[in-house]
Amino acid sequence: MIMPAPLAPPRPVRIIGVGSCLGAPIFGPAAGPRALKEGRIDDQLRKRGIPAQWQTLLEPSAPKPPQPPLQERLGTMSALLHDLADEVAAICQAGQLPLVLGGDHAIAAGTWRGVSRTLGARGRLGLIWIDAHLDAHTDRTTHSGNIHGMPLAALLGVGDESLTGLPGPHLDPAHVAIVGARSWEPEEKALLERLGVRIFYMPEVKRRGLPAVLADALAIAREGTAGFGVSVDLDSMDCASLPATTCLVPDGLDPQALTDSLHCLRSCADLLAFEIVEYVPERDRDGSGARRVVELAAAALGPTSLVLRQREELFGARNYAPLPVVFSRGEGVWLWDVDGHRYLDMMSAYSAVSFGHSHPRLVKALTEQAGRLALTSRAYSNDRLPLLLEQLSALLGYDRALPVNTGLEAVETALKAARKWAHTIKHVPDGQAEIIVCDNNFHGRSTTIVSFSSEEQYRHGFGPLTPGFRSIPFGDADALEAAITPHTAAFLFEPIQGEGGIVIPPAGWLARCAEICRRHDVLLIADEVQTGLGRSGRLLACEHEGVRPDGVILGKALGGGLLPVAAFLADERVMQVFQPGDHGSTFGGNPLAAAVATEALAVLTEERLIERSAQLGARFLARLQAIDNPLIREVRGRGLMIGLELDTHRVPARIAAEWLLARGLMTKDTHEKVLRFAPPLIITEAELDAAARTIEEALADLAQRFPAGVTP
């Protein structure tokens, strides 16, 4: 792991564009900095919390074919490098951080001499050079005559005086590392090996992984230096993934992997400058090259997790106590934080990300529909909602569905439906309908819902509370029958209590509850917001006992992890109570939500995720139950919804969750005693096995650190 230097306040970033192709074989990179400026890269960086401003845009005239002799071009380049070095030095001396955007890579000879001259007696400058090439030719060894193949040699003090003679010390080869090299000529390699520069060639990067290689490169650039810089040539990346660069060399670094790895620079207070070169707009047909430049700069220069958490604490309401991590990207079952660490997601945002982060089919459905029509309100019909309603009805077997946004709204909808049904159909006097709920429930945090919560914190201070609810023990069918009166409208329950600690009811309980409700003409309403759509290994968790409720509440996974989508489903005998104007939502049932939800249901069935949940969940549950550890009191669950209850006299679940987070596994505690494991349904067997090993190792460590009688 890369250890950060002491934290420093965020430094202002000043952008220098150098629109030069004086050293390149093509004219394309000269247009790169202006294109990035016109694309408002500074504004994009500011939106990511980076205090960035343009300082200047240097645009020397480009030589036209036939090119002047090399010595004449070296002289022209030298003048540009002097100007660039002066600009960079002035920014550094002002306590700001230069972001230099080239142009061809020859400009690096000016960027890093400008930085090094400001260090003075403080020490040397270290440099990480991320490039497909070695750039260590001189005017005597060059095969092409292109100056952009010379800057690294010049920075090390080798080459023509016009490049090496800039003010400031040359770099010490012992503090220079090259990452990603895969194209060079013998003279370059011989020079750098003689000087002692460490080169991480692509075979080593592929074998060891970019994070490990970059960690070694950082050690070389930082140890014994007064600071370091990073120069990124876009041709370091695979040209099939990023064609918008000067030299198209195959088999390079993965652009996203490089971006993820550069996040570690955020915590390095000794990072003195950052450089990105050789962006060619004319080869950037879809804009991905410009976006990648922004991503690279933001990865390296963005605010740290500490800074972001401080801002959230300062400006946000304190209604959450999040675990100490700040995520910036997700893909599949993995999440990356702003400091470059990767985590296995074992929470799925409480099942909202059941299909994994940024599932390609769901993202495609979202973006295509967003570009067509996102919202009209339900004052009008749209062409996507009817298809979703039909699909929900066919999949779940109910006559009608009422779409809303969040699970909480769907619960409120179900409560309104039950009350009006009791009044209009069952003839309960208006205002006297009662709804039975379970102790230890969680259905949301609206004023009505917290009124029947058994969690004191959810109710404290929010009165007057809404009447009309009776609570019984979860899993006690006799208590249900005893609680029913002629005024009872419905029994609202969770098939598995998720927030309650992954509590599984006794076998046969739900089937008996269904029979009791039928006999007393009471609606049976299942809150399947977390358990529905495959989470428990069945389409609905009620199916484990063959029960078909009168109403079902869906949410979370229905939105594909991209936006809130929820629904209340019931047959006509319940839904008939709603008339136009009785209930509504501006956003509920919007075409964007309908398009994503429709695709989410298709993914659920076509990728057989329900079957995966059942099979992998059983394997994972057995693996966790086999762990022999005195901290574990019980492991329980169904499908990929599992709770691990801890002995809180030894270790609170919050500490265990933080312990796992530090090992790259993301989970959450509930009620201070249970760790929840509910990964995306797309998780693989190997990933689950790795998670089980991590859990076992982390708990073993905790048991050793906190023996019986010692509470952290």
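Each residue takes its place number in the sequence, starting with 1.
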Can you see which heavy atom on Pro33 is nearest to which on Leu101, and at what distance? CG-O, 3.4 Å

Rounded to the nearest 0.5 Å, how far apart are CG of Leu640 and CD1 of Ile682? 11.5 Å

Using 4.0 Å as the upper bound for N to carboxylate O, is an ion pair formed by Arg676 and Asp669? no

Would you name the heavy atoms of Thr245 and Asp235 that are closest together and state the gap between them? OG1-N, 3.3 Å

Would Leu234 and Val277 satisfy side-chain contact (heavy atoms from CB on, under 4.5 Å), going step by step from the backbone distance to the final call? CA-CA 6 Å; Leu234 295 182; Val277 299; over 6 Å; no

Side-chain touch Leu592/Phe587, heavy atoms, less than 4.5 angstrom: no

Check the pair Phe677, Met347 against side-chain contact (heavy atoms from CB on, under 4.5 Å), reporting the backbone distance first and the verdict last. CA-CA 6 Å; Phe677 300 108; Met347 270 296 293; over 6 Å; no

Min side-chain heavy-atom separation Ile496-Met641 under 4.5 Å: yes

What verdict does the side chain to side chain donor-acceptor pair (under 3.5 Å) test give for Ser351 and Arg535, after you've listed the backbone C-alpha separation in whole Å, the side-chain angles of each residue and the deciding distance to 0.1 Å? CA-CA 7 Å; Ser351 298; Arg535 172 56 56 188; 3.1 Å; yes

Salt bridge Arg342-Asp260, side-chain N to carboxylate O under 4.0 Å: no

Tell me the closest heavy-atom pair linking Leu323 and Arg309, and the distance in Å. O-NE, 4.4 Å

Are any non-hydrogen side-chain atoms of Glu494 and Asn441 less than 4.5 angstrom apart? yes

Least distance between heavy atoms, Ala297 atom then Ile276 atom: N-CD1, 4.0 Å

Between Arg573 and Asp550, does any side-chain N to carboxylate O distance fall below 4.0 Å? yes

Is it true that Arg40 and Glu38 make a salt bridge, defined as a side-chain N closer than 4.0 Å to a carboxylate O? no

Chi angles and distances behind the side-chain contact (heavy atoms from CB on, under 4.5 Å) call for Val294, Leu36: CA-CA 9 Å; Val294 174; Leu36 294 170; 5.6 Å; no

Does a salt bridge link Glu295 with Arg48, judged by any charged N lying under 4.0 Å from a carboxylate O? yes

Residues Phe452, Ile449; criterion side-chain contact (heavy atoms from CB on, under 4.5 Å); working and verdict: CA-CA 6 Å; Phe452 60 80; Ile449 292 173; 4.0 Å; yes

Does CD belonging to Glu607 count more than 12 external heavy atoms closer than 6.0 Å? yes

Distance, nearest 0.5 Å, that separates NE2 of His357 from CG of Leu562: 10.5 Å

Taking the six-membered ring of Tyr398 as reference, does the NZ or CZ atom of Arg548 fall below 6.0 Å from its centre and within a 45° cone about the axis? yes

How close do Leu524 and Phe491 get, heavy atom to heavy atom, and via which atoms? CD1-CD2, 3.7 Å

Taking the six-membered ring of Trp54 as reference, does the NZ or CZ atom of Lys37 fall below 6.0 Å from its centre and within a 45° cone about the axis? yes

Grab the two heavy atoms, one from Leu533 and one from Leu604, that are nearest each other, plus how far apart they are. O-CD1, 3.4 Å

Can a salt bridge be assigned to the pair Glu606 and Arg361 using a cut-off of 4.0 Å between side-chain N and carboxylate O? yes

